[in-house]
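A short worksheet on the structure shown next.
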Amino acid sequence: MLFEEVVRAYEKIESTASRLEMRDMLADLFSGASCDELKTIVYLTTGRLCPEFVDMEFGVADKQILKAIYEATRVDMGHLEALYRKTGDLGAVAAMVLMEKKQSSLFTESLTVEGLRAALEELSKKSGKGSQQYKSRTLAGLFHSASPVEAKYLARILVGKMRIGVAVMTILDALTVVFAGDENRQAVERAYNITSDIGLVAEILCTKGVEALKDLRVQVGHPLKAMLAERLGDIGDIMQKMGGRAAFEYKYDGLRMQVHIDKGAPEGGKIKMFSRQLEDLTPQFPELHHWILNAFEEEKGIIEGECVPVDITTGEFLPFQVISRRRGRKYGLDGAIEEFPVKLVLFDVLLSGDKEMIDLPFPERRKELERVIGPNERVDLSTILITDNTDEAQSFFMEALASGCEGLMTKSLADDSVYRAGNRGWIWIKYKKEYRSEMVDTVDLVVVGAFAGKGRRADTYGALLMASYNPEENRYETVCKLGSGFDDSHLSLLPEMLKPYLQKAKDRRVESIMEADYWFSPGLVLEIIGAEITHSPAHTCARDVLKEGAGLSIRFPRFTGRFRDDKGPEDATTSQEIVQIYRAQLKKT
DNA sequence: CCGGGGGCGTC
DNA sequence: ATCGGAG
DNA sequence: CTCCGATGACGCCCCCGG
């Protein structure tokens, strides 16, 4: 099949709003493909080449792609960047400049789906000296021989953002239409949850049919899609959603970890660890392996928990930034293991021996987890309380915060509280104090810069650069970028509101490491809420005050919706006040 | 040989 | 991670 | 309610260039 045919379908899908129509267009595309092609197309449609648990990246993104487009077309780099800022879409940039160039150059040959897959796979394998240049040249070649529309989607595949309104769920819908029939929708989704491999699901459906899908089993070594949770800011509402009674568990601030155990495997292969996005964490936490083998009483199984940083001497949980030092580390592992010790706190069991647990309700899984785990100094069970009493739940929440947790996870006890990927049906609900503005300090920051929006924000700002005020120096020190919490009306107002402050270069009073696309004289003040203050290498607020080379920033910042028209820039939250908020959060009474 | 830009994954 | 829009 | 796609801070590794 020609890639041209695929992108034609993408074009149609991109321009439709109806979800059902999108599904049917995808179904049309799928039914015209061979099984091999189908598999590839399914991956490409997710902006990838293979399932997420396979360690494969293109190693190129915005900048490298712009460079490749430049090499393919020799259109001035500054012009390309401006075009990107204006359209907010690398695909559009590629298509537009190629459209102009195509008049002089001819298509060399038609790109097939298989040809594209092979080229991209080659690209992803390249590493080492000269690899950047190789990638850039290869991509330039691809862009050069691509039609404008092909180039558009090539660029989008490379950055992994297709933006046609289709993601996994819609693909599963379309596969169901073509190969399974509505009555089998659940079976299709279950197969995806078990395998985490949408290409494999497509392939099995295509080659063997839906009955073969039903034979799939949870298997050690094959990661399952992680179950997610909804959010709610009121414990009474949560209790109500849960039907008046629920399990409440500490929500630990660390890395989600799905652990596969096979004691019969050869030495070094008995444990496999997967992150929430199914990245392989096995080599990064080797010191846990024997503690897990020791704690788990079955021969094989799959258990899930949170890997949290701890102070080994006191047993206290440490901030998330501590475990960040462990994540993705390849070098200096021994030192990091010493310096940043971690513990695994378990909260679920998905396979226990030969027993598949995912279709059992939560209480039964918890019971099995408690049966099969013997806690030790590095492996523990999550702290849990089952209650129908809101006050009890509330004080449990306060205890969780006091012990350094983010808040609570609430889990349904109902018969349908099975383990399901995604956030489905309010089976799990998280409750964090930052969901309530009265429980956390909001902050009033000054807009000092802005960044061009992408995609649906192409005609406005994507994010604002926010600063606190430092009265001693009469300076504005950046604290964070702000891009969440705006609704469409806010977004469309922003350019107009900020126009009076727009200036050509950074204001003399603004201290920033970051280079914004637009600069403003300090004036407009917005209210911001976040989870906590973090040490920041990227922001200048109170830089060097608490830690050499680090400023302060905000974790999960978002706009509350309040424009502080009543405040001038000098009435904004001061850098000193942010330091105080940071100090206050250290004592988590 | 080291610093920084770029990429990618965690939350 | 959080959030808002749209079906 | 579900699904999608905007956006955040930050830490590690890679490659490249001074």
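Naming: A, B, ... by sequence-line order, numbering from 1 per chain. On a predicted model such as this, the values are computed, not experimentally measured, just so you know.
- No engagement by A/Gly422 is indicated, since no non-hydrogen atom pair under 4.0 Å with the nucleic acid exists.
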Show which side-chain atoms of residues 224-241 of chain A pair as donor or acceptor with protein atoms under 3.5 Å away, not counting sequence neighbours.
residue	atom	partner	partner atom	Å
A/Lys225	NZ	A/Glu52	OE2	2.6
A/Asp234	OD1	A/Gly236	N	2.8
A/Asp234	OD1	A/Asp237	N	2.9

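- Using a 4.0 Å heavy-atom criterion, one finds that A/Arg231 contacts the bases of the nucleic acid, with or without backbone contacts as well.
- Among the protein residues, A/Gly530 comes within range of no part of the nucleic acid, since none of its heavy atoms lies under 4.0 Å from any strand.
- By the neighbour-count criterion of 12 heavy atoms within 6.0 Å, atom NZ of A/Lys67 is sparsely surrounded, having that number or fewer from other residues, nucleotides or ligands.
- Aromatic ring centres of A/Tyr431 and A/Phe397 lie closer together than 6.0 Å.
- If you check every strand for non-hydrogen atoms under 4.0 Å, A/Ser484 touches a base.
- Within the 4.0 angstrom heavy-atom criterion, only backbone atoms of the sugar-phosphate kind lie near A/Ile554; the bases stay farther away.
- Within 4.0 Å (heavy atoms only), A/Arg558 reaches sugar-phosphate atoms of the nucleic acid but no base atom.
- The residue A/Phe340 sits apart from the nucleic acid: no heavy atom pair falls under 4.0 Å.
- In this view, A/His535 and A/Tyr582 satisfy the side chain to side chain donor-acceptor pair (under 3.5 Å) rule, not counting sequence neighbours.
- Using a 4.0 Å heavy-atom criterion, one finds that A/Lys241 contacts the sugar-phosphate atoms exclusively.
- When heavy atoms are screened at a 4.0 angstrom cut-off, A/Phe486 is found touching the sugar-phosphate backbone but no base atom.
- Remark on DNA chain D: of its neighbouring residues A/Thr170 and A/Ala538, the 5'-side contact belongs to A/Thr170, judged by nearest-heavy-atom nucleotide.
- Residue contacts for A/Ala531: at a heavy-atom cut-off of 4.0 Å it reaches no nucleic acid atom on any strand shown.
- Within the nucleic acid shown, A/Lys454 comes within 4.0 Å of sugar-phosphate atoms alone, with no base atom in reach, counting heavy atoms only.
- Around the NZ atom of A/Lys12, the shell of radius 6.0 Å holds no more than 12 heavy atoms that belong to other residues, nucleotides or ligands.
- Within residues 58-71 of chain A, the residues having any heavy atom closer than 4.0 Å to DNA chain B are, in order of number, A/Phe58, A/Gly59, A/Val60, A/Ala61, A/Asp62, A/Lys63, A/Gln64.
- Residue contacts shown for A/Lys135 are absent, as no nucleic acid heavy atom lies under 4.0 Å away.
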